[in-house]
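The structure appears below as structure tokens.
So that the names make sense, note that chain A is the first sequence line, chain B the second, and so on, each numbered from 1. The analysis underlying the following values was restricted to heavy atoms, covering all of them including side chains, and did not include hydrogens, waters or symmetry mates.
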There are 2 protein chains.
Amino acid sequence: MSGELAPGQKMSLRSVAETLGVSMMPVREAVARLVADQSLEVLPNRAVRVPLMTLSRFRELTAVRLAVEGFAAEEAARRRTSQDMAEIKRFEEAFLSEARSPNPQADQAVRANKELHFAVYRATSLSTLVGIIEGLWLKIGPVLNFDLKISPERLRTGGAPEHHRKLVAAVEAGNEAAARNALVNDITGAASFIESTGRLLD
Amino acid sequence: MSGELAPGQKMSLRSVAETLGVSMMPVREAVARLVADQSLEVLPNRAVRVPLMTLSRFRELTAVRLAVEGFAAEEAARRRTSQDMAEIKRFEEAFLSEARSPNPQADQAVRANKELHFAVYRATSLSTLVGIIEGLWLKIGPVLNFDLKISPERLRTGGAPEHHRKLVAAVEAGNEAAARNALVNDITGAASFIESTGRLLD
DNA sequence: ACACCCTAACTGTGATCACAGATCGCGGCA
DNA sequence: TGCCGCGATCTGTGATCACAGTTAGGGTGT
């Protein structure tokens, strides 16, 4: 989800098990889950890897994200508490300070961005919905965040800080439509950046 | 998903493995996946069972279903092909003939209902979305369909055939709002029936 | 007659072995 | 010098064993 593993990168159950200092069994179960929801894939040769991303699959995932995460933003604006807002603002600031830093660190920015988004989603009090969105990020994260690490200058030029500002303000104000709109702009902005890199298949 | 297992019903990995004539390993993996997405749960005593359903969890799942499946209905109305429509109408008729049969069989009705809904969802061409909805049905199915099997008379009195008729017509006409509306009515109708049985916890 | 304890039979989980298949590299032959 | 082929090593998967923990039932003691 954090882009630590690039699309196409292979991994071995045994080497992961050795790295973590456990036997193969727990790794098998974890990987089997990720394979089941297509966050990882096993090739016909039995090699496990991060799936490659095609343009059509990227657009499909983005369409679903717009619907699901857009709904979550609406619902968050409806149901957020003051504790939710405090958490949300904390992560917004963390992202902002990293994005505006003289030499921004992509890892930190990626993490703060994720935590900000999920703080909003958790404010819906719909844990099922949060789980669904986690699955979506698991699938699209390798592309989104791996490319961001390659092009960290996007942190400065991209509109993410502005989208975040509007999102947080709308959620706090209880303005459902504005919250959805800000989130949609955030997602589509990042998506068109990724498409513009031309690194997607097909 | 079909209500074959009642909420609270326990199962044993070894007995399932013996029933299916395989070793424990494939059962372990399958159950682990269902446990991971909370379609099954392992109690502190290590017993595996179908989770009990509380009223608040039922309402949460219903809210998410309304958003996600409602979006799917819209998208289906936008993108359905004539092949999609043929499949959808086939399952609608299967459900109808079972619901209006002199002695309706709950299993058959449940199956036709599921196949009708998923034929609509598949018409979106968003396989990720279909997978998400499968997860939702896996969680709410035990309650929805187990209760339907207990009270098969609901097949006659419930408004499902009418909701289905409107849904199919709207999808065919490309009327997105009407498709979402018909599906929302179908879901809320079934949900209020379940709530009225008073069998949910809390 | 009733209550308590102990034992035997289960539970899921981790580890290890076995196996079929694929891949990669080294060595030999042309 | 270049290419082909065989073998060693890797892959994930199924099966089996070991283990800690719980549960339920029967027998014993009061």
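Residue-level contact check: A:Val48 touches the backbone only, with heavy atoms under 4.0 Å from sugar-phosphate atoms and none from bases.
D:dT16 atom P lies 16 Å from atom CG of B:Leu13, rounded to whole Å. As a whole-Å value, the separation of B:Arg49 CZ from D:dT23 P is 13 Å. Counting to the nearest Å, the P atom of D:dC10 and the CE atom of A:Met11 are 17 Å from each other. Atom NZ of A:Lys10 and atom C1' of C:dC24 are 11 Å apart (whole Å). Rounded to whole Å, atom P of D:dT13 lies 12 Å from atom CG of A:Leu40. A:Arg14 places its CZ atom 7 Å from the C1' atom of D:dG12, with the value rounded to the nearest Å. Rounded to whole Å, the distance from CG on A:Leu34 to C1' on D:dG12 is 15 Å.
Within 6.0 Å of CD on A:Glu195 lie more than 12 heavy atoms contributed by other residues, nucleotides or ligands. At most 12 heavy atoms of other shown residues, nucleotides or ligands fall within 6.0 angstrom of atom CD in A:Glu18. Heavy-atom contacts from other residues, nucleotides or ligands closer than 6.0 Å to CZ of B:Arg49 number more than 12. Within 6.0 Å of the CZ atom in A:Arg79, the count of heavy atoms belonging to other residues, nucleotides or ligands exceeds 12.
Near DNA chain C, defined here as any heavy-atom distance below 4.0 Å, the residues from residues 20-29 of chain B are B:Met24, B:Arg28, listed numerically.
Residue B:Asn113 forms a side chain to side chain donor-acceptor pair (under 3.5 Å) with just one option from B:Glu98, B:His164, B:Glu92, B:Gln108, and that option is B:His164.
Along DNA chain D, the nucleotide closest to A:Ala47 and the one closest to B:Pro44 are compared, and the more 5′ of them pairs with A:Ala47.
Looking at heavy atoms from C-beta onward, B:Ile88 lies out of side-chain contact with B:Phe118 at the 4.5 angstrom threshold.
OP1 or OP2 of D:dG12 has not a single side-chain nitrogen or oxygen of A:Asn45 nearer than 4.0 Å.
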